[in-house]
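Read through the structure below, which is laid out as structure tokens, and then see the notes.
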There are 2 protein chains.
Amino acid sequence: MTGTRGVDTAQLMEQLSVSLAAYYGDFTVAAASENLTASQGKTLNVLRRGPAAMRVLASILTCDASNMTGIVDRLEKRGLVQREPSPTDRRVKNVVLTAEGERVIDVIRGKMHTTRAGLDRLSDQERDTLHDLLERAFTAQPAAA
Amino acid sequence: MTGTRGVDTAQLMEQLSVSLAAYYGDFTVAAASENLTASQGKTLNVLRRGPAAMRVLASILTCDASNMTGIVDRLEKRGLVQREPSPTDRRVKNVVLTAEGERVIDVIRGKMHTTRAGLDRLSDQERDTLHDLLERAFTAQPAAA
DNA sequence: CGTCGATGCTTGAGAACTTCAAGCAATTGC
DNA sequence: GCAATTGCTTGAAGTTCTCAAGCATCGACG
């Protein structure tokens with residue numbers, strides 16, 4: 001009765017897609033309540049970790065660099081982010097959250113009730129385990145050398 | 001040394017967003033290689049579970065019903081899905097994968113090498129655990145009554 | 001130092017996505 | 001049957017997205 005249920009990779013990927021759709025839907029609704037599109041919300045969410053060059057944002061969000069120009073334009077027009085010239089490379093523009101941008105993304109994260117409620121169904125130890133498994137599966141370096 | 005690392009909910013949500021971005025990026029690239037947009041790919045992926053009404057698709061993909069009309073239009077024009085009138089409700093149109101659509105979504109799923117490689121870093125038992133935790137956190141019924 | 005190639009960002013064009021308001025057809029409830 | 005609701009589609013307006021092209025800057029090499 002221990003671990004021999006036999007979930008194959010296809011079933012796990014299916015569960016992943018369902019889970020991520022739930023998370024993504026929750027996030028999209030929360031972002032919309034602050035009058036932001038999903039892409040704008042995702043951009044703010046990435047910037048929570050700190051300033052990032054346009055190129056880096058595009059890479060994380062898996063889109064063309066030219067696409068980021070428009071998204072950041074609109075966020076900047078609303079005063080949620082700001083473009084700052086890189087001190088080391090004058091081609092680069094670092095995008096930074098403003099205080100208002102920080103407030104908005106925190107509000108959005110706070111409104112993700114469905115996700116929060118789901119995670120609350122797990123014990124402390126189970127949350128640790130989930131964090132660890134996701135980290136190892138998705139955040140690991142492919143190869144060092 | 002066991003489970004007392006202390007990952008709080010915010011950190012876990014952060015890890016979820018990172019994992020989601022990785023999965024989503026992998027999926028987007030795979031879909032693009034078959035000349036499909038992310039939305040079109042996601043639609044096919046949902047239909048893998050079986051036919052679904054427009055309304056249901058919109059609900060799962062967290063978008064307006066009118067949005068699905070265009071997406072399904074384009075998929076239908078390519079012969080990847082087909083609209084069928086519901087036998088029980090003449091307002092409803094069920095969307096069904098064609099054989100070609102089934103082939104394409106299988107190809108896309110097969111091309112998600114990064115995700116597959118990440119999951120392969122986990123043991124059989126760990127994959128069981130991950131599946132179980134995701135299912136309980138994201139697929140559980142909020143309330144029965 | 002000067003030039004060549006690569007890199008980072010922006011612009012413009014064209015298509016797809018997205019939402020909202022409105023409309024039509026069919027269903028449900030009374 | 002009639003009214004309100006539900007399911008899908010259309011049209012308008014804005015956003016997202018990609019591709020091709022362009023400009024500025026950097027790095028390398030002679």
Side-chain angles (χ1 to χ4, degrees), chain A residues 21 24-25 27-47 51-78 80-96 104, chain B residues 21 24-25 27-47 51-78 80-96 104:
Chain A
Y24 185 71
F27 180 80
T28 301
V29 169
S33 78
E34 292 293 309
N35 285 309
L36 289 178
T37 66
S39 295
Q40 291 168 347
K42 281 197 278 187
T43 303
L44 292 189
N45 197 47
V46 170
L47 290 174
M54 303 291 293
R55 190 98 188 77
V56 174
L57 285 176
S59 161
I60 294 177
L61 297 180
T62 323
C63 68
D64 197 89
S66 70
N67 195 10
M68 290 311 307
T69 299
I71 294 175
V72 170
D73 277 353
R74 286 177 279 271
L75 289 174
E76 197 169 25
K77 203 170 296 179
R78 286 209 203 171
L80 303 180
V81 306
Q82 208 166 343
R83 268 181 253 237
E84 290 182 353
S86 162
T88 63
D89 187 335
R90 272 185 299 177
R91 292 170 301 181
V92 173
K93 284 171 189 167
N94 287 317
V95 185
V96 193
V104 168
Chain B
Y24 187 71
F27 181 79
T28 301
V29 169
S33 78
E34 291 293 309
N35 284 310
L36 289 178
T37 67
S39 295
Q40 291 169 346
K42 280 196 276 188
T43 303
L44 292 188
N45 197 46
V46 170
L47 290 175
M54 302 291 293
R55 190 98 187 80
V56 174
L57 284 176
S59 160
I60 294 177
L61 298 180
T62 323
C63 68
D64 197 90
S66 69
N67 196 9
M68 291 310 309
T69 300
I71 295 174
V72 170
D73 277 353
R74 285 177 280 271
L75 288 174
E76 197 168 25
K77 203 169 295 178
R78 285 208 205 171
L80 302 180
V81 306
Q82 208 165 342
R83 268 182 253 238
E84 290 183 352
S86 162
T88 63
D89 186 335
R90 272 185 298 177
R91 292 172 301 181
V92 173
K93 284 170 189 170
N94 287 316
V95 185
V96 193
V104 168

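Lettering of chains follows the sequences in order, A, B, ..., and the numbering in each one begins at 1. When reading the values below, keep in mind they use all heavy atoms of this one structure, side chains included, and skip hydrogens, waters and symmetry mates.
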- Look at the side chain of Ala53(B) and decide which nucleotide, out of dC8(D), dA16(C), dC26(D), has an atom nearest to it. dC8(D)
- Item | DNA chain C: 5'-proximal contact among Arg91(B) and Arg74(B) (nearest heavy atom) | Arg74(B)
- Query: Any N or O donor-acceptor pair linking the side chain of Ser66(A) to the base of dC19(D) at under 3.5 Å?
  - Reply: yes
[X] side-chain N/O to [N] phosphate OP1/OP2 under 4.0 Å:
| X | N | answer |
| --- | --- | --- |
| Ser39(A) | dT15(D) | no |
| Thr37(B) | dC17(C) | yes |
| Arg83(B) | dT9(D) | yes |

- Task: Look at the side chain of Glu84(B) and the backbone N and O of Val95(B), then say whether any donor-acceptor pair between them is shorter than 3.5 Å.
- Result: no
- Query: Does the Ser59(B) side chain pair with the main chain of Arg55(B), one donor and one acceptor, at a distance under 3.5 Å?
  - Reply: no
- Message: Pick the closest DNA chain D nucleotide for Asp89(A) and for Gly70(A) by heavy atoms, then say which residue is nearer the 5' end.
- Response: Gly70(A)
Between [atom2] of [N] and [atom1] of [X], the distance in whole Å:
| X | N | atom1 | atom2 | answer |
| --- | --- | --- | --- | --- |
| Arg55(A) | dT25(D) | CZ | C1' | 15 Å |
| Asn35(B) | dA15(C) | CG | C1' | 13 Å |
| Lys42(B) | dA16(C) | NZ | P | 17 Å |
| Gln40(A) | dC17(D) | CD | P | 10 Å |
| Met68(A) | dT11(C) | CE | C1' | 16 Å |
| Lys93(A) | dT10(C) | NZ | P | 4 Å |
| Leu57(B) | dT18(C) | CG | P | 13 Å |
| Asn67(B) | dC20(C) | CG | P | 11 Å |

- Sub-4.5 Å side-chain heavy-atom contact between Met54(A) and Asn94(A): no
- Going by atom types only, do Ser39(A) and Thr37(A) share a side-chain donor-acceptor pair under 3.5 Å? no
- Looking at Thr28(A), Leu47(A), Leu61(A), which one forms a side chain to side chain contact (heavy atoms under 4.5 Å, CB included) with Lys42(A)? Leu61(A)
